[in-house]
Student: 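Encoded as structure tokens, here's the structure I'll be asking about.
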Amino acid sequence: MSDTPDQNSTPDTAPQRKKPDRFEVARLVKLEQIEALGHDPWGQRFDDHISIKDARDKSPDENGALGEKVRIAGRVMTRRKQGKLRFFNVKDWSGEIQLLFSRGDLAEEQWSLMGALDLGDIVGIDGFMKRTDSGEISIFVETLTVLCKSLAPPPEKFHGAKDIELLLRQRYIDLIYSEGVLERMLKRTEIIATVRSTLRSNGFVEAETPVLHAIAGGAAARPFTTHHNALDINLYLRIALELHLKRLMVGGVERVYEIGRVFRNEGIDATHNPEFTMIEIYQAYGNYESMMDLTEQIFCNCVKSVSDSMVLPWDDKQIDFTAPWPRRKYGDLFKEHAGIEMSDQTGVVELAKSLGLETAGVHHDVLVNGIFEEKVEDSLVGPVFVIDYPASICPLTKRKRDNPDIAERFELFIHGMELANAYTELNDPRLQEDLFLTQLDGMSEEDSMATMDHDFVQALKVGMPPAGGLGIGIDRMIMLMTNSRSIRDVIYFPLLRPEN
RNA sequence: GCCUCCUUAGCUCAAUCGGCAGAGCAACUGACUCUUAAUCAGUAGGUUGUUGGUUCGAUUCCAACAGGAGGCACCA
């Protein structure tokens, strides 16, 4: 390797500097103008500025009046010329404000510097609060500081960028120029902070468990696989947080949760991204009913953190989060919507066939659940807890003491979407071992969670207290609380196929 | 993985029943001291996603490929 590579011998395959387009060329000219005026086009530390929102609050009330001196920083969004007056709109993450440059009042050098600004540049401003003659809250600029030259042109100023692919690939464009995108993502942060504070106030501690798993357990999903070179072993990206958190409960961490990314190698659509954020929460000496209470508390606190009302808009509908939420038995809902008892062996097979489900050699409860998903889930407006699932499809769940065919499990549904899944956790190691070995008829290995994890069984043998466990799909929860139709609206960088 | 649809200037969109590809914004040049998506006048800006095919001629028709959207399947 040479420190002074011969540029003439650069092979064609070497990465090349991208040639500036005509827009970049025009902006580079401005950049040189800024440098020629003795300014740094890339800016420096800019202390003691206030948010644009706070600046706006300092505005004088009377049109034409000059107010107090302020310092702000932000990105140039729009620009209007009116002879020797120039108006700029500048935005930071708190809001937007108009700047007013006056040729007659500004130093000649400053006027030239302003002339080298482009849409998208980031500027620091010292000036006086002012209301213009038409009443617009503005800053009458005294000193302009260039903080960052933008070399790429912004999207169309009125319609903005509309191309979904562009907005997702260049999410920063979406954040800057699409109405409400940044605000929505900041709400996400606020909601997750509220989840944490709610759990903290209930005595839960946060843990970090491995992302790389030797056995991808705790849920039914196809995992991503990877390889560790030094150990020469294949590993899986986790599909759930469950089994490690339960090991922690064995270890005496009595109230524990993790907010973490999990990975499932499945299809992508409005409610599925290959990597998504889950929270799983475990409470020793609780059960699924205590987890329902906790679920309500978490959701309600989160709603309060982003809204004044417990009723949030959802498309042309609404969601009323006011607790308590109904708790409906799986079997009752099944009978209500399917018209038959779920214990009706022949009836279930006939109904499954009429719905086009494969029935040959398929376990009764698998058919029941297939029918439930077809006939019931979409009609669950909620919020509603569906409780008491068929035990055979719940291999990590404690059975009801008086009925081993029913598992103490609930799922939370809102507008047909599954938001949470919770159990009274199975802590009988011998039953757990049996269930890991049980391959339900008609279920693939991936679907059945029947992956033996001897170490987890060993942990249960050491002894896990009776407990409630709860998992919530954080992205979906945020979708509901921000009226977002797609999971990609609440994830900064959803997965896209790479270009080229 | 399967089906249908989409891809035109930096952005938002037109148009071509197969015959020189057009606007607005943005850019550039001027005029304008209270404007606020859009003042006025002018200039420039295109391998119509890529590669083939049909044709005198393809941006338009056909095929393959790439990326995207919706639906199905899978899943939370």
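Labels below follow one simple rule: chain letters A, B, ... track the order of the sequence lines, proteins then strands, and each chain is numbered from 1.
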Student: Can you tell me how far P of B:G67 sits from CG of A:Leu166, to the nearest Å?
Tutor: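 Whole-Å distance recorded here is 17 Å.
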Student: According to a strict under-4.0 Å criterion, is A:Arg22 in side-chain N/O contact with OP1 or OP2 of B:A26?
Tutor: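 Checking B:A26 against A:Arg22, no side-chain N or O comes under 4.0 Å of OP1 or OP2.
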Student: Which nucleotide in the set B:U12, B:C34, B:C32 lies at the smallest distance from any side-chain heavy atom of A:Asp163?
Tutor: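 That would be B:U12.
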Student: Scan A:Gly104 against the nucleic acid and name what it touches under 4.0 Å (heavy atoms): base, sugar-phosphate only, or nothing.
Tutor: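 A:Gly104: base contact, heavy atoms under 4.0 Å.
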Student: Identify the nucleotide, in any strand shown, that forms a Watson-Crick or G-U wobble pair with B:A37, with both distances under 3.5 Å; if there is none, say none.
Tutor: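 WC or wobble partner does not exist here.
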Student: In whole Å, I'd like the distance from the CD1 atom of A:Ile97 to the C1' atom of B:U35.
Tutor: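 A:Ile97 atom CD1 is separated from B:U35 atom C1' by 15 Å.
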Student: Indicate whether OP1 or OP2 belonging to B:C28 is found under 4.0 Å from a side-chain N or O atom of A:Lys30.
Tutor: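 Affirmative; the distance criterion is met.
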Student: Are A:Phe276 and B:A76 stacked, counting the six-membered base ring, centres under 5.5 Å, planes under 30°?
Tutor: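 The ring of A:Phe276 is stacked on B:A76.
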Student: Measure the distance from NZ on A:Lys81 to P on B:A27 and round it to the nearest whole Å.
Tutor: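 One finds 9 Å between P of B:A27 and NZ of A:Lys81, rounded.
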Student: For B:A69, take OP1 and OP2 only and decide whether either is under 4.0 Å from a side-chain N or O of A:Arg488.
Tutor: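 Affirmative; the distance criterion is met.
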Student: Exactly one of A:Lys157, A:Arg75, A:Arg79, A:Arg80 should register a side-chain hydrogen bond (donor to acceptor under 3.5 Å, both in side chains) with A:Asn89. Which one does?
Tutor: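 One option only clears the test, and that one is A:Arg80.
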Student: By the 4.0 Å heavy-atom rule, please label A:Arg27 as base, sugar-phosphate, or nothing.
Tutor: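 Nothing: the residue A:Arg27, judged by heavy atoms under 4.0 Å, touches no strand.
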Student: Side chain of A:Arg80 only, heavy atoms from C-beta on: which candidate in B:A38, B:U33, B:G68 is closest?
Tutor: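 So the side chain of A:Arg80 is nearest to B:A38.
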Student: B:G53 and B:G18: how far apart are their C1' atoms, nearest whole angstrom?
Tutor: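 B:G53 and B:G18 have their C1' atoms separated by 15 Å.
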Student: Quick one: is A:Arg497 getting a side-chain N or O under 4.0 Å of the B:G67 phosphate, OP1 or OP2?
Tutor: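 Yes.
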Student: Check whether A:Phe101 forms a cation-pi arrangement with A:Arg86 (NZ or CZ under 6.0 Å from the six-membered ring centre, at most 45° off the ring normal).
Tutor: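 Verdict for A:Phe101: no cation-pi partner in A:Arg86.
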Student: Taking only the P atom of each, what is the distance from B:G45 to B:C72 in whole angstrom?
Tutor: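 Per the computed distance, 47 Å lies between those P atoms.
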Student: Under 3.5 Å for both donor-acceptor distances, Watson-Crick or wobble: does B:C5 have a partner, and if so which one?
Tutor: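 Paired with B:G68.
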Student: Can you tell me the pairing partner of B:C61 across any strand shown, Watson-Crick or G-U wobble, with both distances under 3.5 angstrom?
Tutor: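 Partner of B:C61: B:G53.
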Student: Both A:Asp118 and A:Thr132 contact RNA chain B. Which one's nearest nucleotide lies toward the 5' end?
Tutor: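 Of the two residues, A:Asp118 wins.
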Student: My understanding is that only one of A:Leu470, A:Ile192, A:Leu199 makes a side-chain contact (heavy atoms from CB on, under 4.5 Å) with A:Ile279; could you say which?
Tutor: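 Checked A:Leu470, A:Ile192, A:Leu199 against A:Ile279; only one passes side-chain contact (heavy atoms from CB on, under 4.5 Å): A:Leu199.
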Student: If I pick the C1' atom on B:U60 and the same atom on B:G49, what distance separates them, to the nearest angstrom?
Tutor: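 Pairwise C1' distance, B:G49 against B:U60, rounds to 15 Å.
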Student: Does A:Phe128 have its ring centroid less than 6.0 Å away from the ring centroid of A:Phe140?
Tutor: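 Centroid separation for A:Phe128 and A:Phe140: 6.0 Å or greater.
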Student: Given B:A38, is OP1 or OP2 found less than 4.0 Å from the side-chain N or O atoms of A:Lys157?
Tutor: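 Checking B:A38 against A:Lys157, a side-chain N or O does come within under 4.0 Å of OP1 or OP2.
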Student: Rounding to an integer number of Å, can you tell me how far A:Asp21 CG sits from B:G45 P?
Tutor: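 Computing the A:Asp21:CG to B:G45:P distance gives 14 Å.
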Student: Please tell me which of the listed nucleotides, B:U35, B:A26, B:G24, lies nearest to the side chain of A:Glu156?
Tutor: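 Of all the options, the side chain of A:Glu156 is nearest to B:G24.
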Student: B:C74, B:G68, B:A27: which one has an atom nearest the side-chain heavy atoms of A:Arg169?
Tutor: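 The closest nucleotide is B:G68.
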Student: Starting from the C-alpha separation in whole Å, work towards a yes-or-no answer on side-chain hydrogen bond (donor to acceptor under 3.5 Å, both in side chains) for A:Arg488 and A:Asn273.
Tutor: CA-CA 8 Å; A:Arg488 300 198 298 191; A:Asn273 193 59; over 6 Å; no
Student: Could you check A:Ser102 against A:Glu418 and say which one's nearest nucleotide on RNA chain B is further toward the 5' end?
Tutor: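 First, find each residue's nearest nucleotide; the 5'-ward one identifies A:Ser102.
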Student: Do we get A:Arg485 above A:Trp314's six-membered ring, with its NZ or CZ under 6.0 Å from the centre and within 45° of the axis?
Tutor: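 Flagged: A:Arg485 positioned over aromatic ring of A:Trp314.
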Student: Would you kindly give the CG-to-P distance between A:Asp121 and B:A26, to the nearest whole Å?
Tutor: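 After rounding, the reported distance stands at 15 Å.
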Student: For A:Asn273, which contact category applies under a 4.0 Å heavy-atom criterion: base, sugar-phosphate, or nothing?
Tutor: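 Base contact - A:Asn273 has a heavy atom under 4.0 Å of at least one base atom.
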Student: Quick one: A:Lys84 NZ to B:U39 P, roughly how many Å, whole number?
Tutor: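 Rounding to the nearest Å, NZ of A:Lys84 and P of B:U39 are 18 Å apart.
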Student: Using atom P in both nucleotides, what's the gap between B:C13 and B:A76 to the nearest angstrom?
Tutor: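 Nearest-Å result for B:C13 against B:A76 at atom P: 36 Å.
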Student: Under a 3.5 Å cut-off for both contacts, is B:G18 paired Watson-Crick or G-U wobble with anything, and if yes, with which nucleotide?
Tutor: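 B:G18 is unpaired by these criteria.
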Student: P atom, B:C61 versus B:U7: distance in rounded Å?
Tutor: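 My reading of the P atoms in B:C61 and B:U7 gives 10 Å.
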Student: Provide the distance between the two P atoms, one in B:G46 and one in B:G10, to the nearest whole Å.
Tutor: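 Result for the P pair: 8 Å, nearest Å.
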Student: Could you tell me whether A:Gly473 contacts a base, only the sugar-phosphate backbone, or nothing, with contacts defined as non-hydrogen atoms closer than 4.0 Å?
Tutor: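 Contact class for A:Gly473: none.
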Student: Rounded to whole angstrom units, what separation is found between the CZ atom of A:Phe158 and the C1' atom of B:C13?
Tutor: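 Between C1' of B:C13 and CZ of A:Phe158: 14 Å.
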Student: Once you round it to whole Å, what is the distance between P of B:A76 and CD1 of A:Ile268?
Tutor: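 About 16 Å, once rounded to whole Å.
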Student: Could you check whether A:Arg131 gets within reach of a base, just the sugar-phosphate, or nothing at all, counting any heavy atom under 4.0 Å?
Tutor: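 Nothing: the residue A:Arg131, judged by heavy atoms under 4.0 Å, touches no strand.
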Student: Would you measure the distance from the C1' atom in B:G24 across to the matching atom in B:C40 and give it in whole Å?
Tutor: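 Those two atoms are separated by 16 Å.
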Student: Between B:U29 and B:C11, how far is it from one P atom to the other, in whole Å?
Tutor: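 B:U29 and B:C11 have their P atoms separated by 23 Å.
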Student: Within a radius of less than 6.0 Å around NZ of A:Lys91, do more than 12 heavy atoms belonging to other residues, nucleotides or ligands occur?
Tutor: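 Correct, the count exceeds 12.
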Student: Does the side chain of A:Tyr236 come under 3.5 Å of the side chain of A:Asn265 through a donor N or O and an acceptor N or O?
Tutor: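 Looking only at side-chain atoms, A:Asn265 and A:Tyr236 do not form any donor-acceptor pair under 3.5 Å.
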Student: Counting distance alone, no hydrogens or angles: does the base of B:U7 have a donor or acceptor under 3.5 Å from a partner atom on the side chain of A:Glu165?
Tutor: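 Side chain to base: no pair present.
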Student: Is any side-chain N or O of A:Gln82 under 3.5 Å from a base N or O of B:U33, one able to act as donor and the other as acceptor?
Tutor: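 No, no donor-acceptor pair under 3.5 Å.
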